[in-house]
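Below is one structure, written out as structure tokens, with a few remarks after it.
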Amino acid sequence: MAAAAVLERPEVQEMDEEEDLPFVPIDKLTDLGIGAADVKKAKDAGFATCDSLMMVMRKDLLNVKGLSEGKVEKMLEGARKLCRGCSFITGAELMEKRKECVYVTTGCQAFDEILGGGIQTNIKHH
């Protein structure tokens, strides 16, 4: 009689699926005190992630039935907290940052004018 070989499987580590996601599900807003009903309203309107909330115009969120201005502001605040790596900024914020940058001349005044002052660097004025 042949002995049955027992194959041992290496232990499979349980992974928290949400930690590995490249986005934050909108449902996570409930962990920050946003009402589940409000999160559901946004989700039903097509907003599945916190990033999607941050990338849409505020007026589009205000058009979601049942979301007041106060609720929208709380949801956006929560989305900003949860999306730590999100680099989305408004156009006005970008313009302010660009004012602080140093520009390097190309040596050609006409070309510098076309470029808006020269080649922009990430160095800030002190």
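What you see is a predicted model, and the numbers here were worked out from it, not measured in a lab.
For the atom pair L29 CG and E77 CD, the distance stands at 11.0 Å (nearest 0.5 Å). Note: M54 CE to L82 CG = 10.0 Å, rounded to the nearest 0.5 Å.
In this structure, K71 and G66 approach most closely via the heavy-atom pair NZ-O, 3.6 Å. Taking every heavy atom of both residues into account, I26 and F47 meet most closely at CD1-O, 3.3 Å. The heavy-atom pair separating M75 from V39 by the smallest distance is CE-CA, 4.1 Å. Contact record, C50 with P25: SG-O, 3.9 Å, taken as the closest heavy-atom pair. Nearest heavy-atom pair across F23 and T49 is CD1-CG2, 3.5 Å. Minimum heavy-atom separation, V64 to A45: CG2-CB, 3.7 Å.
Side-chain contact between K74 and L32: absent, with no pair of heavy atoms (C-beta onward) separated by less than 4.5 Å. Inter-residue side-chain proximity for L53 and V72 is flagged as unmet; no heavy-atom pair is nearer than 4.5 Å.
Under the 3.5 Å distance criterion, the side-chain polar atoms of T105 are left unmatched by any main-chain donor or acceptor of G118. Side chain of D60 to backbone of V56: no donor-acceptor contact under 3.5 angstrom is found. At least one donor-acceptor pair closer than 3.5 Å links the side chain of D112 to the backbone N or O of T106.
Linking Ile, Leu, Val, Met, Phe, Trp and Tyr whenever their side-chain heavy atoms come within less than 4.5 Å leaves I119 and Y103 in two separate clusters. Under the 4.5 Å side-chain contact rule for hydrophobic residues, F111 and V102 do not share a cluster.
Between R58 and E69 no salt bridge is recorded (no basic side-chain N to carboxylate O distance below 4.0 Å). One finds a salt bridge joining K41 and D38 here, because a Lys/Arg side-chain nitrogen approaches an Asp/Glu carboxylate oxygen to under 4.0 Å. A salt bridge is defined here as a Lys NZ or Arg NE, NH1 or NH2 lying under 4.0 Å from an Asp or Glu carboxylate O, and K99 with E96 meets this definition.
Contacts of D27 classified as salt bridge (charged side-chain N to carboxylate O under 4.0 Å, His left out), with partners at least two apart in sequence or in another chain: K43. Listed by chain and residue number, nothing satisfies the side chain to side chain donor-acceptor pair (under 3.5 Å) test with K97 (two or more places apart in sequence, or in another chain).
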